[in-house]
Amino acid sequence: QVQLVESGGGLVQAGDSLRLSCAASGRSFSRFSMGWFRQAPGKEREFVAAISWSGGSTYYADSVTGRFTISRGNAKTTVYLQMNSLKPEDTAVYYCAADRSDNLSARIATYDYWGQGTQVTVSS
């Protein structure tokens, strides 16, 4: 089993920055790619960003390209989402997810494990 725990959410103003973290643990956590998704009230969960196991490849949704950066720590068990120039439309619960096949995918079904989510609220 793999456990994912997100942290770093909060209430910020438009234009501010926030960094989310996702800590992964579990004996079977090995060579997983990681992704960030978000879900706003009344909307479907949507892809935000993904990063390969090596950290050498990343992939972003068009809506966050140029504002958000995904990265992973040296031990590869922590993944970060640096969010700059936040907008009210970025308000959502943000989830991290792990894919054991090291794909770089925007598809929810690709991911095998999910965290509980962290709330990000951006006020105008």
Could you list the donor-acceptor pairs under 3.5 angstrom formed by side chains in residues 77-85, with sequence neighbours left out?
residue	atom	partner	partner atom	Å
Q82	NE2	N84	OD1	2.9
N84	OD1	S17	OG	2.9

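Taken to the nearest 0.5 Å, the CZ atom of R72 stands 9.5 Å off from the SG atom of C22. The line from CZ of R38 to OG of S63 is 4.5 Å long, rounded to the nearest 0.5 Å. With rounding to the nearest 0.5 Å, the separation of OG in S57 from CG in D102 is 8.5 Å. To the nearest 0.5 angstrom, L86 atom CG is 10.5 Å from S123 atom OG. In this structure, SG in C96 is found 10.0 Å from CD in Q116, a value given to the nearest 0.5 Å.
Residues I70 and Y94 fall within the same hydrophobic cluster, defined by Ile, Leu, Val, Met, Phe, Trp and Tyr side chains chained together at heavy-atom separations under 4.5 Å. Residues V64 and F47 do not share a hydrophobic cluster, defined by chaining ILVMFWY side chains whose heavy atoms lie under 4.5 Å apart.
A heavy-atom distance below 4.5 Å is not found between the side chains of E6 and W114. V120 places a side-chain heavy atom less than 4.5 Å from the side chain of L20. In this structure, the side chains of T118 and V93 stay at 4.5 Å or more apart for every pair of heavy atoms. Between K87 and R67, some side-chain heavy-atom pair lies under the 4.5 Å cut-off. Within the 4.5 Å cutoff, no side-chain heavy atoms of E46 are placed close to those of F37. With contacts defined as side-chain heavy-atom distances shorter than 4.5 Å, the pair Y113/Q3 does not qualify. A heavy-atom distance below 4.5 Å is found between the side chains of F68 and D90. Looking at L11 and Q119, their side chains never come closer than 4.5 Å, going by heavy atoms from C-beta outward.
With hydrogens and angles ignored, the 3.5 Å screen pairs a side-chain donor or acceptor of T65 with a backbone N or O of A61. Here the side chain of S52 pairs no donor or acceptor atom with the backbone of S33 at under 3.5 angstrom. The backbone N or O of R107 lies less than 3.5 Å from a partner atom in the side chain of S105, making a donor-acceptor pair.
Here the options are L4, V2, D99, the test is side chain to side chain contact (heavy atoms under 4.5 Å, CB included), and the partner is F32; only V2 passes. Considering T69, I51, V48 in turn, T69 is the only one that fulfils the side chain to side chain contact (heavy atoms under 4.5 Å, CB included) rule with Y60.
The two residues Y111 and A50 make their nearest non-hydrogen contact at OH-CB, 3.6 Å.
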